[in-house]
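The next block holds one structure in the form of structure tokens; read it before the comments.
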Number of protein chains: 2
Amino acid sequence: MTVTIEDVAQRAGVSTATVSRVIAGKPYVRDALRIRVLDAIQELNYRPSRVARSLRVQRSSIIGLIISDIQNPFFTSVVRAVEDVAQQRGFSVMLCNSDESTDKEAAYIDLLLDEQVSGLIVSPTSTNTDIYRRLVEANVPVVAIDRRVENTPMDMVVGDNVQAAYEVVSHLIANGYRRIAAVLGVPDASTGAERYEGYERALNAHGIEVDPELVRQGMPRSESGHRSTLQLLQLQNPPDAIFTGNNLLTIGALRAIDEMGLRVPEDVAFAAFDEMEWMFLVKPALTVVAQPTYAMGKKAAELLLQRIADPSRPPQEVLLQPTIKVHESSRAK
Amino acid sequence: MTVTIEDVAQRAGVSTATVSRVIAGKPYVRDALRIRVLDAIQELNYRPSRVARSLRVQRSSIIGLIISDIQNPFFTSVVRAVEDVAQQRGFSVMLCNSDESTDKEAAYIDLLLDEQVSGLIVSPTSTNTDIYRRLVEANVPVVAIDRRVENTPMDMVVGDNVQAAYEVVSHLIANGYRRIAAVLGVPDASTGAERYEGYERALNAHGIEVDPELVRQGMPRSESGHRSTLQLLQLQNPPDAIFTGNNLLTIGALRAIDEMGLRVPEDVAFAAFDEMEWMFLVKPALTVVAQPTYAMGKKAAELLLQRIADPSRPPQEVLLQPTIKVHESSRAK
DNA sequence: ATCCCCAGTGTAATCGATTTCAGAAGAGGT
DNA sequence: ACCTCTTCTGAAATCGATTACACTGGGGAT
């Protein structure tokens with residue numbers, strides 16, 4: 001039923017080897033034959049089997065992309081970038097959603113290896129895991145995105161979370177806020193840990209002690225942001241400002257503030273990590289740390305393709321600088 | 001390097017046929033052998049090559065998912081659902097973003113077929129295309145999601161767009177609005193066409209003539225919604241209400257209203273298609289048509305798996321009812 | 001004239017699984 | 001003892017490409 005390379009060879013009156021050479025654009029084929037083969041391909045509407053090819057060369061032209069939350073616009077933008085780059089370079093993307101589960105992540109890695117993917121881009125659910133060490137040792141091209149992997153030298157594309165959190169919290173302090181709460185993701189993922197570190201450093205640098213009561217860490221999802229913020233706002237001594245650790249936490253936090261009927265920044269100031277398209281709707285405008293999401297995805301894909309092309313190149317860590325956009329939600333007290 | 005079925009066979013002292021049978025859970029293998037094989041698999045940490053398997057059985061356990069905009073939360077939710085169902089049933093998902101381009105869509109379909117996918121789920125960029133007819137005729141399992149394909153009997157999962165648009169526009173009319181504008185997606189996609197049809201029918205049913213000036217159709221993206229709405233609001237005789245045809249158009253429209261400094265619903269009432277998580281932030285609350293996005297994705301995946309299992313079953317069209325949530329943005333004049 | 005080299009081509013092995021078919025071993029019937 | 005099933009197992013073909021290797025024929029050097 002399906003037309004194979006054999007059919008093409010027969011039609012063109014050559015061997016399959018020649019057809020293969022023509023398709024691969026290899027030298028050592030007479031123009032006359034090349035044309036006959038191309039014609040035959042056209043006439044038969046031949047499309048090579050990627051599966052057969054993958055089996056033979058022991059590598060598919062698929063790259064695996066494992067992200068921790070497909071419903072998070074941050075990752076969506078990353079996916080889009082990776083897909084764009086991949087497609088342009090003749091690769092396709094197999095997308096997996098680890099859903100913040102380390103087990104799922106590991107299972108997907110195995111699955112993708114079983115599919116003989118050329119490489120992997122992953123936003124690791126946890127910083128400390130030996131999965132990546134094993135991958136790197138087995139010479140599997142892999143790059144981490146958004147979140148760092150520790151103790152394993154590998155390609156990474158991350159934002160400068162410590163610095164960005166430091167700056168934005170310092171800004172809150174400069175504007176007169178002292179009881180600054182942090183609604184963060186769990187520190188298993190490096191983003192959670194680093195954004196906390198930036199927060200802590202900023203407080204310390206300005207002589208403010210960290211009040212553990214004001215630090216909430218949970219799943220980087222809106223429900224968790226909602227719950228944490230409600231708790232914070234109901235404290236005896238509630239915060240005068242809230243710093244949220246990612247876009248979904250921000251949504252939850254804003255909902256909590258909304259439900260409590262509080263005003264920003266009069267009752268509580270606000271500064272958030274991650275920018276989103278609809279944020280212009282929030283009044284007053286939110287002070288945010290904007291990450292170059294598409295650029296991160298693009299860079300990760302490029303790093304991966306480079307490593308696939310040259311597996312021995314030294315691992316590279318790309319640190320992208322977020323932009324801090326100051327608006328009214330954090331204006332001076 | 002990698003351990004193959006041959007290695008397992010050797011280790012267990014059996015043939016590859018037996019190993020294969022054990023893996024596939026087929027009958028006619030003595031328990032003693034079965035155990036030896038399972039042990040060998042364990043000891044060698046053997047994982048079968050999905051590529052080799054795909055080549056032999058002429059079908060991979062991948063399903064292709066082509067959506068028109070990966071950055072649209074509607075589709076994100078669909079992707080999530082499809083991925084959940086697929087994963088649970090032992091399939092993986094290859095995600096492609098057609099970016100509203102019919103060419104890209106066609107290219108991805110070819111690509112996925114080259115990968116021997118078991119089936120396809122697509123949100124078609126255009127209602128009229130013979131691609132799907134050819135697929136169906138070639139017995140390729142395929143289901144359309146969100147958008148209809150015409151002239152080809154195939155599995156589909158769509159919302160009742162005509163009805164929902166009719167109801168929500170009727171609601172605007174009932175609340176005293178007469179110059180109701182429609183900011184819609186192009187009618188190439190059935191969603192755009194059907195939501196317009198519902199709009200038109202509602203006006204007609206209430207003796208209002210459609211003013212072509214008030215109907216704007218463009219890419220279902222926020223820039224287009226923004227542009228269209230600005231134009232509408234700057235008309236000599238501007239609309240007293242706006243109905244938007246999807247979530248991204250809504251974002252753009254709201255931005256335009258915001259930029260013009262207008263109030264909802266005093267200056268212009270508002271009703272939107274698609275609900276989004278952050279909508280509680282919009283004040284006053286928006287009247288929206290909420291679609292069961294996850295359910296749509298789930299249903300589509302289930303239909304596809306059923307068709308894969310039984311290619312001859314009659315095509316099924318699943319019509320899901322959206323929910324209309326009335327809020328203050330459309331309150332009576 | 002002889003030899004060498006190289007561009008151009010084909011034959012056949014190979015990748016790692018599944019599956020057909022043939023045959024062995026043992027149970028049961030006559 | 002012989003035949004017939006049934007159950008179990010393995011040898012080998014197969015899927016559709018890529019590629020190592022062998023071979024051919026002609027041009028250039030000697």
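Numbers restart at 1 for each chain; the letters A, B, ... are given by sequence-line order, proteins then strands.
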When you measure from the side chain of [X] to the backbone of [Y], do you find a donor-acceptor pair of N or O atoms at a distance under 3.5 Å?
| X | Y | result |
| --- | --- | --- |
| B:T152 | B:M154 | no |
| B:S190 | B:T127 | no |
| A:T76 | A:N72 | yes |

Between atom [atom1] in [X] and atom [atom2] in [N], what is the gap in whole Å?
| X | N | atom1 | atom2 | result |
| --- | --- | --- | --- | --- |
| A:R50 | C:dC15 | CZ | C1' | 18 Å |
| A:I23 | D:dT18 | CD1 | C1' | 10 Å |
| A:I5 | C:dA12 | CD1 | P | 17 Å |
| A:D7 | D:dC15 | CG | P | 11 Å |
| A:E115 | C:dG16 | CD | P | 15 Å |
| B:L44 | C:dA17 | CG | P | 12 Å |
| A:Q10 | C:dT9 | CD | P | 18 Å |
| A:R59 | C:dG16 | CZ | P | 14 Å |

TODO: Tell me, please, which residues at least two apart from A:K299 pass salt bridge (Lys or Arg N to Asp or Glu O under 4.0 Å).
DONE: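 Residues passing salt bridge (Lys or Arg N to Asp or Glu O under 4.0 Å) with A:K299: none at all.
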Task: Qualifying residues under salt bridge (Lys or Arg N to Asp or Glu O under 4.0 Å), relative to A:D103, sequence neighbours excluded - done: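 So A:D103 forms no salt bridge (Lys or Arg N to Asp or Glu O under 4.0 Å) with any residue.
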Open item on the list: Please classify the nucleic acid contact of A:S49 as base, sugar-phosphate, or nothing, using heavy-atom distances under 4.0 Å.
Closed with: sugar-phosphate
Identify each atom pair where a protein N or O and an N or O of nucleotides 23-25 of chain C are less than 3.5 Å apart, giving names and distance.
none

Kindly say if [X] contacts the phosphate of [N], meaning a side-chain N or O under 4.0 Å from OP1 or OP2.
| X | N | answer |
| --- | --- | --- |
| A:K26 | D:dT19 | yes |
| A:T18 | C:dG10 | yes |
| A:T4 | D:dG16 | no |
| B:Q116 | D:dC15 | no |

Quick test of your reading of the model: are [X] and [Y] salt-bridged, counting only N-O distances below 4.0 Å?
| X | Y | result |
| --- | --- | --- |
| A:K104 | B:E83 | no |
| A:D114 | B:R47 | yes |
| A:E100 | A:R147 | yes |

Open item on the list: Could you work out, with side chain to side chain contact (heavy atoms under 4.5 Å, CB included) as the rule, every residue matching A:N151, not counting sequence neighbours?
Closed with: A:N128, A:R133
- [ ] Quick one: list whatever passes side chain to side chain contact (heavy atoms under 4.5 Å, CB included) with B:N45, sequence neighbours left out.
- [x]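 With sequence neighbours excluded, B:N45 shows a side chain to side chain contact (heavy atoms under 4.5 Å, CB included) to no residue whatsoever.
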Task: Proximal nucleotide (of D:dG10, C:dT18, D:dG16) relative to the B:V14 side chain - done: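 From the listed options, D:dG10 comes nearest.
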Scan nucleotides 11-14 of chain D against the protein and return all N/O pairs shorter than 3.5 Å with their distances rounded to 0.1 Å.
{"from": "D:dT14", "atom 1": "O2", "to": "B:R56", "atom 2": "NH1", "distance (Å)": "2.7"}

- [ ] List in numerical order all residues of residues 28-43 of chain A for which some heavy atom is under 4.0 Å away from an atom belonging to DNA chain D.
- [x]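 Correct list: empty, so none.
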Task: Each stem that DNA chain D is part of, given as range with range (3 or more consecutive Watson-Crick or G-U pairs, under 3.5 Å) - done: C:1-30 with D:1-30
Could you pull out every donor-acceptor pair under 3.5 Å between side chains of residues 85-92 of chain A and any protein atom, sequence neighbours left out?
none

TODO: Name all pairs fulfilling the salt bridge (Lys or Arg N to Asp or Glu O under 4.0 Å) condition that reach into residues 63-82 of chain B, sequence neighbours left out, sorted by first residue then second.
DONE: A:D99-B:R80, B:D69-B:R221, B:R80-B:D84
Just distance, no hydrogens or angles: give the donor-acceptor pairs under 3.5 Å from side chains in residues 134-144 of chain B, sequence neighbours left out.
none

List the atom pairs, donor and acceptor, that lie under 3.5 Å between side-chain atoms in residues 19-38 of chain A and the rest of the protein, sequence neighbours left out.
{"from": "A:R34", "atom 1": "NH2", "to": "A:K26", "atom 2": "O", "distance (Å)": "3.4"}
{"from": "A:R36", "atom 1": "NE", "to": "A:A12", "atom 2": "O", "distance (Å)": "2.9"}
{"from": "A:R36", "atom 1": "NH2", "to": "A:A12", "atom 2": "O", "distance (Å)": "3.0"}

